[in-house]
Amino acid sequence: MTEDKSKEMRDRFSRKMIEVLNFGALNLAMGIGYRLGLFEVLDGLDDGATPEEIAARSGLSGRYVREWLAVMLCGGIIEQIQKQGEPVRYILPKAHGDFLTRRSGNGNMGVYTQEIPLLTSLVMERVVEGFRTGHGVPYECYPSFQAFMTELSNAKHQDVLVEKFLPQVDDGRMVRRLKEGIRVCDLGCGEGLAVILMARAFPRSRFVGIDLDDSCIRTGDKQAAQADLSNVEFLVHDAACLEREADLAGSFDYITAFDAIHDQTQPAAALRGAYHLLGPGGSFSMVDIAAQSDPFGNRDHPMGPFLYTVSLMHCMPVGLVDGGAGLGMMWGKEQAVRMLGEAGFEQVEVKEIPNDPFNLHYFCKKR
């Protein structure tokens with residue numbers, strides 16, 4: 001390599017490192033601002049506001065707000081308005097607010113600025129130790145992160161599950177069957193919002209939510225009772241052990257699993273369990289991250305570094321507990337299709353999900 005070429009590479013990487021440090025810091029500051037509602041305050045100010053006005057509207061310390069505004073200004077998130085003889089005002093361009101505020105619904109990317117800071121505060125030392133030992137990090141170490149992800153998942157289900165996702169399953173045939181009345185299971189149901197939304201929309205069908213977390217199941221039971229739903233049931237089961245449950249064999253017509261498989265310590269057994277629970281002709285919708293199994297194929301993924309880091313800090317460590325597989329979030333399409341086939345599914349269709357570039361829909365049928 002020539003000296004000029006070497007210098008060019010050093011200069012290019014030096015610029016990249018500066019970007020890394022700046023954007024890492026910016027993500028942290030944006031996560032704080034999102035949590036404190038500062039973007040929401042700015043989004044409602046068409047003519048901008050002074051730091052003092054922003055602090056007053058948000059109920060926060062003026063000195064902290066001024067420092068935060070400086071970060072946002074240098075990061076190109078907000079703009080400054082300065083007219084002669086008037087105090088400096090700060091404004092959030094509407095085009096930026098379209099991605100940073102709750103009004104954006106499913107297009108809200110501001111909420112994700114909280115993920116890396118939250119994971120860092122919770123488990124960074126445990127993950128560092130895991131590099132040395134190979135051990136996983138149990139779910140109990142992620143209480144506030146689990147609550148955060150539940151909130152995200154619930155918001156998404158509210159927006160898209162009944163109105164957008166289900167109508168495109170099996171080219172509309174699934175909704176017709178749900179209206180007529182079938183038995184449905186949501187595997188890894190968490191606190192059960194997806195089950196409750198489906199049960200409310202399709203009263204002739206019966207719905208069962210299954211999760212390993214007893215506290216989630218209790219929450220689901222409580223919410224179903226509050227909604228006065230008689231077609232809902234929640235059960236505590238380990239997804240990896242479902243194929244041993246003879247009384248559940250072939251008892252469902254449709255099974256869903258929303259971002260639930262890659263966190264399993266025994267994902268292959270969980271997929272076999274889904275196959276075991278389905279009756280002949282039954283269908284399985286697995287929604288999971290859109291990625292390639294080979295990291296080389298994800299080099300151009302627009303959020304590859306972010307998603308792999310979330311996986312490194314959460315999905316992989318929880319999947320390694322008790323000697324688990326540790327698939328990680330980015331297990332990818334090729335491995336997912338292979339594992340679904342090994343679980344018994346002979347028909348596997350991989351479909352993109354409208355308005356959801358982050359996930360793929362693996363639609364499987366049991367003969």
Side-chain angles (χ1 to χ4, degrees), residues 102-108 111 146-237 239 242 248 250-261 273-274 277-279 281-288 351 353-356 358-359 361-365:
R102 290 173 177 82
R103 67 174 169 78
S104 305
N106 207 37
N108 179 6
V111 66
Q146 302 299 353
F148 168 74
M149 292 306 294
T150 296
E151 183 180 349
L152 277 187
S153 176
N154 286 352
K156 188 170 186 177
H157 283 321
Q158 290 276 16
D159 285 345
V160 306
L161 178 60
V162 173
E163 298 296 327
K164 297 177 183 178
F165 177 75
L166 290 174
Q168 54 87 39
V169 175
D170 202 15
D171 296 321
R173 287 184 285 271
M174 187 55 68
V175 163
R176 290 197 292 272
R177 296 183 66 200
L178 286 164
K179 289 179 178 178
E180 293 167 0
I182 57 175
R183 282 185 57 81
V184 181
C185 173
D186 185 29
L187 200 57
C189 67
E191 295 182 353
L193 181 65
V195 172
I196 289 170
L197 290 173
M198 290 189 288
R200 186 182 292 135
F202 306 104
R204 292 186 177 180
S205 291
R206 294 199 59 81
F207 298 86
V208 175
I210 290 178
D211 203 282
L212 180 61
D213 190 326
D214 183 66
S215 65
C216 285
I217 294 302
R218 289 197 302 272
T219 299
D221 280 330
K222 184 184 298 184
Q223 291 179 345
Q226 290 172 346
D228 196 25
L229 294 170
S230 60
N231 59 337
V232 173
E233 182 181 9
F234 288 97
L235 302 174
V236 177
H237 280 295
L242 286 172
L248 291 176
S251 56
F252 294 100
D253 304 294
Y254 182 44
I255 295 176
T256 58
F258 298 104
D259 290 308
I261 299 301
L277 265 56
L278 280 176
S283 302
F284 175 41
S285 282
M286 183 181 80
V287 174
D288 220 297
K351 297 175 174 287
I353 304 174
N355 303 311
D356 185 357
F358 294 103
N359 291 292
H361 176 203
Y362 297 85
F363 185 62
C364 318
K365 288 190 176 181

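Here the structure is a predicted model, which is why all the values come from computation and not from measurement.
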With the side chain counted from C-beta on, respond yes when [X] and [Y] share a heavy-atom pair under 4.5 Å apart, and no when they do not.
X	Y	result
T256	M198	yes
V208	L248	no
D288	H361	no

Within the distance-only criterion (no hydrogens, no angle test), does the side chain of [X] pair as donor or acceptor with the backbone N or O of [Y] below 3.5 angstrom?
X	Y	answer
D211	D213	yes
T150	Q146	yes
D253	G282	no

When rounded to the nearest 0.5 angstrom, what is the spacing between [atom1] in [X] and [atom2] in [Y]?
X	Y	atom1	atom2	value
C185	L277	SG	CG	5.5 Å
D221	C216	CG	SG	11.5 Å
N359	F258	CG	CZ	10.5 Å
L166	S285	CG	OG	8.0 Å
M174	R177	CE	CZ	5.0 Å
F252	D186	CZ	CG	10.5 Å

Practice prompt. Report the residues that fulfil salt bridge (Lys or Arg N to Asp or Glu O under 4.0 Å) with K179, sequence neighbours left out, ordered by chain and then residue number.
Written response: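 In terms of salt bridge (Lys or Arg N to Asp or Glu O under 4.0 Å), with neighbours along the sequence ignored, K179 is linked to no residue.
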Worksheet item: How would you list, by chain and number, every residue that makes a salt bridge (Lys or Arg N to Asp or Glu O under 4.0 Å) with R176, sequence neighbours excluded?
Response: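 Listed in chain order: nothing, the list is empty.
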Which pair of non-hydrogen atoms, one from [X] and one from [Y], has the smallest distance, and what is that distance?
X	Y	result
A224	I196	N-CD1, 3.7 Å
F234	G220	CE1-O, 3.2 Å
L161	P167	O-CD, 4.3 Å
S205	G181	OG-CA, 3.4 Å
I217	C189	CD1-SG, 4.0 Å
A199	N231	O-ND2, 3.2 Å

Fill in: salt_bridge(D356, K164) N-O dist < 4.0 Å
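Here D356 does not pair with K164 in a salt bridge, since their nearest N and O are not under 4.0 Å apart.
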Discussion item. Set out, in order, the CA-CA distance, both residues' side-chain angles and the distance that settles side-chain contact (heavy atoms from CB on, under 4.5 Å) for I182 and F202, then state yes or no.
Written reply: CA-CA 9 Å; I182 57 175; F202 306 104; over 6 Å; no
Worksheet entry | Residue pairs involving residues 188-206 (criterion salt bridge (Lys or Arg N to Asp or Glu O under 4.0 Å); sequence neighbours excluded) |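 Listed by first then second residue: nothing to list.
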Worksheet item: So among N108, V111, D259, which one has a side-chain contact (heavy atoms from CB on, under 4.5 Å) with L152?
Response: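 Of N108, V111, D259, side-chain contact (heavy atoms from CB on, under 4.5 Å) with L152 is met by V111 alone.
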Worksheet item: Of N154, D159, V160, which is the lone residue that meets side-chain contact (heavy atoms from CB on, under 4.5 Å) with K156?
Response: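 Looking at N154, D159, V160, the match for K156 under the side-chain contact (heavy atoms from CB on, under 4.5 Å) is V160.
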Worksheet item: Hey, is CG on D214 packed in by over 12 heavy atoms from elsewhere, all under 6.0 Å?
Response: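 Count over threshold, so yes.
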Worksheet item: Does the gap between the ring centers of H157 and F165 come in under 6.0 Å?
Response: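 Not under 6.0 Å, so no.
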